[in-house]
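Taking it in order: structure first as structure tokens, then the write-up.
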Amino acid sequence: MIAGKSHLIASEMNDIFARIGWHRAGFTAMATDRHHLVGIQYRSPKYGKVRIVNCDALGLTKWLKPRAGKPGCRAEFETLLDRKGSADDTPVQQMLDLSEPLARRAMRPS
């Protein structure tokens, strides 16, 4: 079951990624089952594939806030994420019935 706090924080993180233009580069925040963690999905330049990494939401926000608009921040952020291990399990939305057309449309990244 996805935690409500994690869902709210992931939504706010996606807004931050969209504001600073990282959403176009593939950065997406996803809710997890723990209230203090969010999953960050990104394309890793080091590994050459899409990874999902669980991060402490408060620490991530504190780190991003003063650095977000500065040059080189995205590369530094990717380096930090590359040092973390991949998430054991992919966060999955369990609240929606995916047989419904509206639910399937809501799950599309676009």
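The residues of the chain are indexed from 1 along the displayed sequence.
In plain terms, the two heavy atoms of Asn54 and Thr32 that are nearest each other are OD1-CG2, 3.6 Å. Ala10 and Ala31 make their closest contact through CB-N, 3.7 Å (heavy atoms, listed as atom of the first residue, atom of the second, distance). For Val50 against Arg43, the heavy-atom pair with the smallest separation is CG2-NH2, 3.6 Å. Closest approach of Ala29 to Met13, counting heavy atoms only: CB-CB, 3.6 Å. Taking every heavy atom of both residues into account, Met30 and Ile52 meet most closely at CE-CD1, 3.6 Å.
His36 contributes atom NE2, which lies 11.0 Å from atom SG of Cys55 (distance to the nearest 0.5 angstrom). Separation of atoms CD (Gln41) and CG (Asn14) is listed at 10.0 Å; rounding is to 0.5 Å. The CD1 atom of Ile16 lies 12.5 Å from the NE2 atom of His23; values are rounded to the nearest 0.5 Å. The CD1 atom of Ile40 sits 10.0 Å away from the NZ atom of Lys84 when rounded to the nearest 0.5 Å. Atoms CZ and CD, on Phe17 and Glu12 in that order, are 12.5 Å from each other to the nearest 0.5 Å. Here the straight-line distance linking atom NE2 of His7 with atom NZ of Lys5 works out to 15.0 Å at 0.5 Å rounding.
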Extract all donor-acceptor atom pairs below 3.5 Å that involve side chains of residues 74-82 and protein atoms in other chains or at least two apart in sequence.
from  : atom 1 : to    : atom 2 : distance (Å)
Thr79 : OG1    : Ala75 : O      : 2.8
Asp82 : OD1    : Tyr42 : OH     : 2.6
Asp82 : OD1    : Ser44 : OG     : 2.7
Asp82 : OD2    : Ser44 : OG     : 3.4

Tabulate below the donor-acceptor pairs under 3.5 Å that side-chain atoms of residues 56-66 make, not counting sequence neighbours, or state none.
from  : atom 1 : to    : atom 2 : distance (Å)
Asp56 : OD2    : Gly59 : N      : 3.0
Thr61 : OG1    : Ala57 : O      : 2.8

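The cluster map of Ile, Leu, Val, Met, Phe, Trp and Tyr, joined by side-chain heavy atoms under 4.5 Å apart, puts Phe27 and Leu37 in different clusters.
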